[in-house]
Every structure is written in C-alpha cells, then in structure tokens.
Amino acid sequence: MRRKPRKAANPVRTIVVRRKPGNHSRGLVTFAGRTEEAAIGRGGISSRKREGDGATPIAAMRLIGGYVRHDRITPPPTALPLRFTPQNLLWCDEPRNANYNRPVTAPFTQSHEKMRRADGLYDICLVMDWNLRRRKRHGGSAIFFHLARPGYTPTEGCVAVSRPAMTRLLRFMRRGTVVRVVR
C-alpha cells in the first residue's frame with residue numbers, strides 16, 4: 001500500500017526583532033528576507049519585563065489583530081484583522097485594575113493609553129499577545145507594534161517602524177504571525 005505524501009504544513013511566519021548594534025533603543029526588524037529600521041523600548045530589550053520599565057520584552061509574541069485610524073489613512077492590504085480605532089478607545093495599564101492590559105472605553109479614570117493619538121503613532125497599531133492570555137500583574141501592558149516617530153526615538157516598550165515599512169510588513173502579516181524579540 002502506497003502512502004500519499006503529506007503536504008508540508010504552512011510555516012509559521014516570523015518577524016525577528018533584534019537590537020541594533022551600538023544603540024540599546026534602536027532595533028532591526030527582519031522578515032521575508034528584508035531588514036527594516038525600528039525603534040524599541042527606552043529600556044532596551046529585557047527578559048524580565050515589568051510595568052513601566054520601558055523595555056521591550058524578549059519573547060515570541062503572536063499578532064492578534066490591530067487598529068487603524070481610517071479617518072487618517074487607508075489601511076494597506078493585509079490578512080491581519082484590522083478594526084477602526086473608535087474615538088473613545090483606551091488601553092488599561094493599571095496593574096491593580098481588573099481590566100489591566102485590556103482595551104477599555106472612555107471615560108476611564110485609571111491609568112491608560114489613548115489609542116487615538118494626535119501624534120499619529122497609533123494610526124496603525126497592532127496588538128501582540130504579550131501578557132494577554134494569562135495576565136500577570138505588573139508584567140507589562142500595551143506592548144504594540146506601531147508607527148515610529150521621526151528619528152526612531154525610543155518607545156515605552158513597543159516595536160515601532162516607519163509607515164512604508166509597516167505597509168511592507170502588513171502584506172506579510174496575518175493572525176498568528178510571530179514577532180520574536182531576541183538579544
């Protein structure tokens with residue numbers, strides 16, 4: 001009896017983020033044979049991420065989806081689920097709150113991130129699964145993949161790239177794409 005050859009499973013698409021030599025808060029993002037400049041956390045890269053340390057966690061984080069400011073930009077083509085960023089969308093970063101590291105809506109009196117920012121950093125904001133499924137208090141929140149400031153100034157722990165780089169990356173991304181931050 002002959003066996004049918006098994007089809008190879010689709011390889012998990014991985015985006016690798018590493019520190020740029022000579023600068024602890026700049027990174028290089030490698031995907032599909034390309035490398036792009038990036039900003040990473042002001043605290044560099046850390047295997048012991050804590051709330052407020054400004055570090056980008058060393059981890060393999062799956063992309064879940066994201067938000068786009070449709071009033072500012074037309075979303076680039078992607079298989080990653082993207083939603084319109086509502087006017088009142090916030091992200092709770094208060095470790096003592098039951099909504100820690102979750103989206104919440106305004107008005108919200110606890111510590112939070114505004115998802116509709118005037119500076120455009122979250123015009124495209126992708127959610128990675130850092131500390132989401134099994135939330136650890138003070139384990140770090142709001143670790144996003146978003147747009148970078150001019151000059152790639154440091155983030156608070158996120159990974160940030162230029163808009164043209166994000167457009168190229170989005171063509172490659174889908175739900176489950178792994179963003180692997182390494183030393």
Side-chain angles (χ1 to χ4, degrees), residues 11-32 34-67 80 89-104 108-115 117 119 121-122 124-162 165-166 169-170 172-183:
V12 174
R13 296 182 181 197
T14 302
I15 297 165
V16 177
V17 179
R18 61 178 38 89
R19 188 175 68 85
K20 186 174 181 180
N23 191 330
H24 80 282
S25 62
R26 293 280 288 272
L28 297 172
V29 174
T30 304
F31 67 100
R34 294 187 62 96
T35 299
E36 302 281 355
E37 266 310 299
I40 56 175
R42 62 178 162 72
I45 298 174
S46 176
S47 61
R48 296 181 180 187
K49 175 71 184 151
R50 300 291 296 154
E51 185 68 42
D53 65 3
T56 301
I58 294 173
M61 301 170 277
R62 293 192 185 281
L63 288 171
I64 295 168
Y67 298 97
L80 188 65
L89 184 64
L90 309 170
W91 197 276
C92 177
D93 58 12
E94 172 53 58
R96 293 168 296 206
N97 189 284
N99 293 306
Y100 177 60
N101 203 25
R102 296 276 191 266
V104 293
F108 186 75
T109 59
Q110 300 288 314
S111 180
H112 61 271
E113 286 262 346
K114 290 182 181 180
M115 298 302 289
R117 297 172 58 124
D119 62 12
L121 296 184
Y122 291 176
I124 300 174
C125 182
L126 309 179
V127 178
M128 297 187 285
D129 73 352
W130 175 257
N131 201 22
L132 282 177
R133 288 189 205 135
R134 294 185 187 151
R135 290 174 294 160
K136 178 181 173 188
R137 302 290 178 208
H138 301 283
S141 64
I143 304 297
F144 300 132
F145 199 112
H146 62 77
L147 300 178
R149 289 182 183 91
Y152 298 96
T153 59
T155 69
E156 293 298 312
C158 299
V159 176
V161 296
S162 69
M166 181 67 81
L169 278 157
L170 280 168
F172 176 79
M173 294 171 166
R174 65 176 190 250
R175 184 186 299 261
T177 296
V178 174
V179 177
R180 183 177 305 278
V181 179
V182 299
R183 281 202 194 276

What residues, two or more places apart in sequence or in another chain, satisfy salt bridge (Lys or Arg N to Asp or Glu O under 4.0 Å) together with [X]?
{"X": "Arg42", "result": "Glu156"}
{"X": "Asp53", "result": "Lys49"}
{"X": "Arg34", "result": "Glu36"}

Point to revise | Evaluation steps, side chain to side chain contact (heavy atoms under 4.5 Å, CB included), between Ile15 and Met173 | key: CA-CA 9 Å; Ile15 297 165; Met173 294 171 166; 3.5 Å; yes

Can you list everything that forms a side chain to side chain donor-acceptor pair (under 3.5 Å) with [X]? Sequence neighbours excluded, please.
{"X": "Arg117", "answer": "Asp119"}
{"X": "Ser25", "answer": "Asn23"}
{"X": "Asn101", "answer": "Trp91"}
{"X": "Thr153", "answer": "none"}

Practice item. Could you tell me whether a side-chain N or O of Arg180 sits under 3.5 Å from a main-chain N or O of Arg18, the two making a donor and an acceptor? Key: no

Review point. Counting only N and O atoms by type, is there a donor-acceptor contact under 3.5 Å from the side chain of Arg13 to the main-chain atoms of Thr177?
Key: no

Looking at every heavy atom in both [X] and [Y], which two are closest together, and how far apart are they?
{"X": "Thr155", "Y": "Ala160", "answer": "CG2-CB, 3.9 Å"}
{"X": "Met128", "Y": "Leu63", "answer": "CG-CD2, 3.6 Å"}
{"X": "Asn97", "Y": "Cys92", "answer": "CB-SG, 3.9 Å"}
{"X": "Met115", "Y": "Cys125", "answer": "CE-SG, 3.8 Å"}
{"X": "Gly43", "Y": "His24", "answer": "C-CD2, 4.1 Å"}
{"X": "Val29", "Y": "Ala38", "answer": "CG2-CB, 3.5 Å"}

Under the side chain to side chain contact (heavy atoms under 4.5 Å, CB included) test, residues paired with [X] that sit two or more places apart:
{"X": "Ser47", "value": "Ile58, Arg183"}
{"X": "Arg96", "value": "Glu94"}
{"X": "Glu37", "value": "Lys20, Arg26, Leu28, Tyr152"}

Check your understanding: Is the closest side-chain heavy-atom distance between Val17 and Ile40 below 4.5 Å?
Key -> yes

Point to revise | Heavy-atom check, side chain of Ile124 versus side chain of Leu170, under 4.5 Å | key: yes

Which pairs of donor and acceptor atoms, one on a side chain in residues 139-151, lie under 3.5 Å apart (sequence neighbours left out)?
residue : atom : partner : partner atom : Å
Ser141  : OG   : Glu51   : OE1          : 3.0
Ser141  : OG   : Glu51   : OE2          : 3.2
Arg149  : NH1  : Pro154  : O            : 3.3

Review point. Under the ring pair (Phe, Tyr, Trp, His ring centres under 6.0 Å) test, which residues partner Phe31, sequence neighbours left out?
Key: Phe172

Study note, to complete from the structure: To the nearest 0.5 Å, atom CG of Leu90 lies from atom CD of Glu113 at 9.5 Å

Study note, to complete from the structure: Output for pair (Leu132 CG, Met61 CE), nearest 0.5 Å, gives 10.5 Å

